[in-house]
Amino acid sequence: MEKRRNDILQLLKQNKVISGETIANSLHISRTAVWKHIQILQKKGYKIQSIRQKGYQLQRLPDLPINEIQQQLKTTYIGKPIISFPDLPSTNDYLKHLAKKDHPEGTIVIAERQTMGRGRRQRSWSSPKGGLWFSLLLRPPFPPQKAMIVTMAVSIAITKAIHATTGIPLQIKWPNDILYKEKKICGVLTELSAEMDQITFMIIGIGINVNNPLPLDLQPTATSLRQICSKKIPYTDLFLSLISFLDEWYGYVKQQDETIIRETWLSLSDTIGKNVKITDGSSIIPGVARGITEQGGLILETTEGTKQIVTGDISYL
Ligand code: BT5
């Protein structure tokens, strides 16, 4: 089905106008089948005009032309396949269903808009049209204690992709935020299913404020790439760059090259050396962030000695 649709797209691209009959004859399918495929393409954001007595004309590609992106990919792990939707409640939730049905590592689910985007601990994540909201399915060959290394590699890839596309220097705040001048531009939500000694799958949800508006209440703490650059950001270029950096950095995860991940993460992080406060449920621990452990936990120097923090929210004092 997907192959047929791609063939139809190719014919539309090669011809200014092409009749349903010509498409049907070239692909040995019925005109009704052509019409059904055209309708699906239109739903995916391709603007295809039906011109009376002449046929179909492709007038515009969607903002994020997934078919074209998929064809250009030269990755080893990431983006095979990419499944896109105009709307989803949450890309993490959708991908979790697919992961349970044995979908392959590297699958991406992306939505133009999320109606119930989530942060950690069921906090809500604002995801209107214009931002990049997607989730990635990974099956790293690790015990669950090492999951943080994967999140670190993903944060590095995002930071590098945004820098390569826009020139904006960003910093990583432990454990999962990417900031521009202390304002949040991206959040990463890692969810995993695991046995005692082996991760079954990880869903990495990535939300990046690109050209989307930000609600008033988030403006003091959040920003978007469009706000920083004062112009619209080329969405497709950024997504392609993200996929290629994610592929490179997940490669280091697969090769168990944790030293490069830890060292690069440290060079991009603005957390180390800062006076911080860690909040985890009802417990609040103040201290100085001194480094990260082999497994990506935060080393915190407190008045009661050094502690290793596995998870929590961090604020700078
Ligand atoms: C995160 O949570 O930062 C992880 C966000 C992950 C979102 C992606 S989008 C694709 C995938 N599908 C999903 O459903 N989720 C993932 P956390 O550290 O808990 O931060 C949440 C907090 O960030 C909220 O309580 C708000 O204060 C703030 N926030 C909400 N929307 C924001 C936005 N668009 N930009 C910046 N900050 C936001």
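Along the sequence shown, residues are numbered consecutively beginning with 1. Start at 1 and go down the list; that is how both ligands and their atoms are numbered. Keep in mind that what you see is a predicted model, and the values were worked out from it rather than measured.
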Where ligand 1 meets Phe134 - atom numbers and elements under 4.0 angstrom, heavy-atom basis: 10 (C)
Val188: numbered ligand 1 atoms lying under 4.0 Å from its heavy atoms: 4 (C)
Ser126 and ligand 1 - part of the residue with a heavy-atom distance under 4.0 Å: both
Shared hydrophobic cluster for Leu246 and Leu170 (ILVMFWY, side-chain gaps under 4.5 Å): yes
Residue Gly205 vicinity, atoms of ligand 1 by number, heavy atom under 4.0 Å: 8 (C), 11 (C), 16 (C)
Heteroatom proximity flag, Trp133 to ligand 1, N/O under 3.5 Å: no
Cationic tip of Lys277 above Tyr316 ring, under 6.0 Å, 45° of axis: no
Where ligand 1 meets Ser135 - atom numbers and elements under 4.0 angstrom, heavy-atom basis: 11 (C)
Option set Leu218, Leu189, Val109, criterion heavy-atom distance to atom 26 (C) of ligand 1, minimum: Leu218
Lys54 atom NZ, over 12 foreign heavy atoms within 6.0 Å: no
Flag for Gln114-Thr91: side-chain donor and acceptor within less than 3.5 Å: yes
Closest protein heavy atom (residue, atom, distance) for atom 12 (N) of ligand 1: Gln114 OE1, 2.9 Å
Passing candidate, ring pair (Phe, Tyr, Trp, His ring centres under 6.0 Å) with Tyr77, options Trp249, Phe245, Tyr250: Tyr250
Contact check: Asp313 vs ligand 1, nitrogen or oxygen atoms, below 3.5 angstrom: no
Thr22 side chain vs Ile18 backbone, donor-acceptor pair below 3.5 Å: no
Residue pair Asp177 / Lys183, side-chain heavy-atom distance below 4.5 Å: no
Ile203 reachable from Ile149 in the ILVMFWY side-chain graph, under 4.5 Å edges: no
Backbone of Ile172 reached by a side-chain donor or acceptor of Trp265 within 3.5 Å: no
Residue part near ligand 1, for Arg123, under 4.0 Å between non-hydrogen atoms: side chain
Distance-only side-chain donor-acceptor flag, Ser135 / Asn92, under 3.5 Å: yes
Lys184, Arg121, Met116: member with heavy atom nearest to atom 20 (O) of ligand 1: Lys184
Ser127 touching ligand 1 at heavy-atom level, < 4.0 angstrom: no
For atom 36 (C) of ligand 1, the protein heavy atom that lies nearest, with its residue and separation: Ala222 CB, 3.4 Å
Enumerated ligand 1 atoms positioned under 4.0 Å from heavy atoms of Arg118: 5 (C), 6 (C), 7 (C), 13 (C), 14 (O), 15 (N), 16 (C)
N/O separation below 3.5 Å, Asn212 to ligand 1: no
Sub-4.0 Å heavy-atom approach of Ser124 to ligand 1: yes
Contact atoms of ligand 1, heavy-atom distance to Asn209 under 4.0 Å: 33 (C), 34 (N), 35 (N), 36 (C)
Option of least heavy-atom distance to atom 8 (C) of ligand 1 (set: Pro89, Gly207, Gly117, Gly131): Gly207
Phe142 six-ring face occupied by Lys146 cation (under 6.0 Å, within 45°): yes
Heavy atom of the protein closest to atom 37 (N) of ligand 1 (residue, atom name, distance): Trp125 CZ3, 3.6 Å
Ser267 side chain to Thr264 side chain, donor-acceptor N/O pair below 3.5 angstrom: no
Atoms of ligand 1 close to Thr91 [distance to a heavy atom under 4.0 angstrom, numbered from 1]: 10 (C), 11 (C), 12 (N)
